[in-house]
Number of protein chains: 2
Amino acid sequence: MTVSTMDAPAGKSIRPRVRLSVAQCLAQDIFSGKFAEGSNLPRENDLCEDYGVSRTVIREALKILQAKGLVVSRPRIGTIVCPQDEWNILDNQVLDWIGPNLDRMGLVDCILEARGAIEPMAAELAARRATMQEIADIEAAWQAMAKAGNDIEAFIAADTVFHELLLKASHNRIFQQFGALMDPALNFMLSTSAHSAENLEESIGQHGALVEALRLRDSEGARKLALALIAKAKHDVSAARSVKS
Amino acid sequence: MTVSTMDAPAGKSIRPRVRLSVAQCLAQDIFSGKFAEGSNLPRENDLCEDYGVSRTVIREALKILQAKGLVVSRPRIGTIVCPQDEWNILDNQVLDWIGPNLDRMGLVDCILEARGAIEPMAAELAARRATMQEIADIEAAWQAMAKAGNDIEAFIAADTVFHELLLKASHNRIFQQFGALMDPALNFMLSTSAHSAENLEESIGQHGALVEALRLRDSEGARKLALALIAKAKHDVSAARSVKS
DNA sequence: TCAATTGCATTTGTATGATAAATAATGCTA
DNA sequence: TAGCATTATTTATCATACAAATGCAATTGA
């Protein structure tokens, strides 16, 4: 299949910008299992035909995948899918590409577990270090959650922003990098839509309490509330799973 | 300066494999501050002359940096260094390239803080989930630490392996990715060499106790011991800093 | 028969030059 | 002066050729 989305006008060759699209296609084929770990991707010249682009584009797309630890290339051997241990799953582009395969790969549980370690500490630090402006921004995200009403997508978007801002307010650049981990787990829950009105209310209440703890510079309280939020998220996910099955 | 390490034999053109070297040079120039965030890198054609390689190599090297969030390229604009927030500092290749600039960028403290959140949880999980083989491997690393004696480099290498294996034994793929964070902070301490014999003995004792907790499946004990290890690491780093200054 | 070495075939890596697309900067027009 | 068309510059893509790495087979020698 050709990547270009539009046909060329008669007599004129069109050159759409497709490097990233090709990289995304290849990455998704890896995560979907079409290219199993340890197996070979098609030769560069074959990929050229498959995607209808020049070898330049194929190679630059493969360089992106290499940089993210998804594949390695060697002369005469070809391009091989790396073992999953080497995949850069903290790269937010990679997380984006994994998308619907996130749960199949067992990453939703991983992520929630990791958030259980990270967010309480981040909340604790944020209570000590956040600027007034940062706290205000977090509160704004909280208000957006409260205002979302039945619009689940808006609610989740605001929730994601809330947690990203919280991590950023910890003033620790490592924690900040985990912003990308907020989206996926939440969106997984969205896909199962097991959200009752009370459930949302409870969540909004918890988030509000956390904002209050930040304002009071109550680091211990912030830590406990963040922990409670994660516990609730874990509970929600398992509830969503039982609905699904 | 040309990248190629050897001159070509008369009449024969040599083509060394230099893509990664070029990427590393450019990355290090970014981390050293030679290319400040927000500023432009030289044009691709200029980089060709600077490094004495073809535009193909330059472009593929830049694609690697792009994939790691270090730069963005746009036609007519050029290639611009991204704000530090977008750098993929969890990528172990990136951490490697940062190297000596780690402390100047304020990452040593970040890393220790993050480890303070992650390792106790990882130790707790490892106590519950590690296989006998994994515990044995961790103990082997511990014995290598004990046997290192005055060979500080060997000690740190074994210490690094110890913590990487511990993270892996948590059976959480997110935590496992943090293996790369073990090296840098430790190597920073190495560079200041503030290691007394008693200090090493104490460290060995603590690590041994952690192994014992794993064997006993004492998750709470493992958590506390990991916490103590990090506290000690923080203490050692600040001691090393005061010596340096 | 077997082992080592040599040569061949295949695949990625690099070089080169041309054209297309994007867009900041410039100048023109009203 | 504001808006619009033009231009110039830079990256993006295409096409082709050759270099280097390496698995594999054929050859050779004992």
Side-chain angles (χ1 to χ4, degrees), chain A residues 1-26 35 38-67 70-82, chain B residues 1-26 35 38-67 70-82:
Chain A
M1 177 200 60
T2 280
V3 167
S4 19
T5 50
M6 296 188 297
D7 288 342
K12 254 199 176 179
S13 77
I14 288 286
R15 284 188 192 172
R17 304 308 157 93
V18 290
R19 191 198 326 124
L20 216 69
S21 317
V22 171
Q24 177 171 354
C25 281
L26 290 171
F35 298 133
S39 70
N40 270 269
L41 263 59
R43 297 167 42 234
E44 289 177 355
N45 282 322
D46 289 340
L47 288 173
C48 292
E49 293 188 2
D50 292 349
Y51 287 95
V53 297
S54 73
R55 203 176 147 215
T56 307
V57 170
I58 294 295
R59 280 186 59 79
E60 292 188 356
L62 288 175
K63 290 300 153 293
I64 295 174
L65 300 191
Q66 282 181 40
L70 302 182
V71 300
V72 287
S73 297
R74 287 166 61 198
R76 163 80 207 202
I77 309 298
T79 301
I80 299 175
V81 180
C82 292
Chain B
M1 177 201 59
T2 282
V3 168
S4 19
T5 50
M6 295 190 297
D7 290 340
K12 254 198 178 180
S13 75
I14 287 286
R15 286 187 190 173
R17 304 308 156 92
V18 289
R19 191 197 326 122
L20 217 67
S21 317
V22 171
Q24 176 171 354
C25 281
L26 291 170
F35 299 133
S39 69
N40 270 268
L41 262 60
R43 296 166 45 234
E44 289 177 354
N45 282 323
D46 290 339
L47 288 173
C48 292
E49 293 189 1
D50 292 349
Y51 287 95
V53 296
S54 74
R55 203 174 148 223
T56 308
V57 169
I58 294 295
R59 280 186 59 79
E60 291 189 352
L62 287 175
K63 290 300 153 294
I64 295 174
L65 300 191
Q66 282 181 43
L70 301 183
V71 300
V72 288
S73 298
R74 288 166 62 199
R76 164 80 208 201
I77 310 299
T79 301
I80 299 175
V81 180
C82 292

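Chain letters run A, B, ... following the sequence lines, proteins first and then strands; every chain starts at 1.
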Minimum side-chain heavy-atom gap A/L26-A/L47 below 4.5 Å = yes

request  = Measure from CD on A/E60 to P on D/dC14 and round the result to the nearest Å.
outcome  = 10 Å

key: Rounded distance (Å) that lies between atom P of C/dT10 and atom CG of A/L41   = 20 Å

message = Listing request: all salt bridge (Lys or Arg N to Asp or Glu O under 4.0 Å) pairs with a residue in residues 14-24 of chain B, at least two apart in sequence or in separate chains.
response = B/R19-B/E60

message = Measure CG/B/N45 against P/C/dA18 and give the value in whole Å, please.
response = 13 Å

query = When all nucleic acid strands are considered with a 4.0 Å heavy-atom cut-off, which category describes B/R43: base, sugar-phosphate, or nothing?
reply = sugar-phosphate

note = Which of C/dA15, D/dA12, D/dA15 is nearest the side chain of B/R55? It is D/dA12

message = So B/S73, base contact, sugar-phosphate only, or nothing? Heavy-atom distance under 4.0 Å.
response = sugar-phosphate

inquiry  = Check this one for me: any side-chain N or O of B/R74 less than 4.0 Å away from OP1 or OP2 of C/dT23?
reply    = yes

ask   = Are B/L62 and B/L41 close enough that some pair of their side-chain heavy atoms sits under 4.5 Å apart?
value = yes

query = Across the strands shown, which category fits A/R19 at heavy-atom distances under 4.0 angstrom: base, sugar-phosphate, nothing?
reply = sugar-phosphate

request  = Name the closest nucleotide to the A/I14 side chain, picking from C/dA21, D/dA15, C/dA15.
outcome  = C/dA21

query = Considering only heavy atoms from C-beta outward, does the side chain of A/V72 approach that of A/I77 to under 4.5 Å?
reply = no

request  = Specify the residue among B/V57 and B/P75 whose closest nucleotide of DNA chain C lies further upstream toward the 5′ end.
outcome  = B/V57

query = Think A/R17 has a side-chain N or O under 4.0 angstrom from the OP1 or OP2 of C/dA22?
reply = no

note = Of the candidates D/dG23, C/dG13, C/dT11, the side chain of B/R15 sits closest to C/dG13

task = Round to a whole Å and report the spacing from CD1 of B/I58 to C1' of D/dT11.
result = 14 Å

Whole-Å distance separating the CD1 atom of A/I77 from the C1' atom of C/dT10 = 10 Å

query = By salt bridge (Lys or Arg N to Asp or Glu O under 4.0 Å), which residues pair with A/R55, not counting sequence neighbours?
reply = A/E44

query = Of the nucleotides C/dT11, D/dT11, D/dC14, which has the atom closest to the A/S54 side chain?
reply = D/dC14

inquiry  = So if I take every side-chain heavy atom of B/E44 and compare against C/dA24, D/dT11, C/dT14, which nucleotide ends up nearest?
reply    = D/dT11

query = If you check every side-chain atom of B/R59, which of C/dT11, C/dA15, D/dT13 has the closest atom?
reply = D/dT13

task = Using atom CD of B/E49 as one end and atom P of D/dT10 as the other, report the distance to the nearest whole Å.
result = 13 Å

message = If you compare every side-chain N and O of B/R76 against the phosphate oxygens of C/dA24 (OP1, OP2), does one of them come in below 4.0 Å?
response = no

inquiry  = In whole Å, I'd like the distance from the CG atom of B/N40 to the C1' atom of C/dT23.
reply    = 14 Å

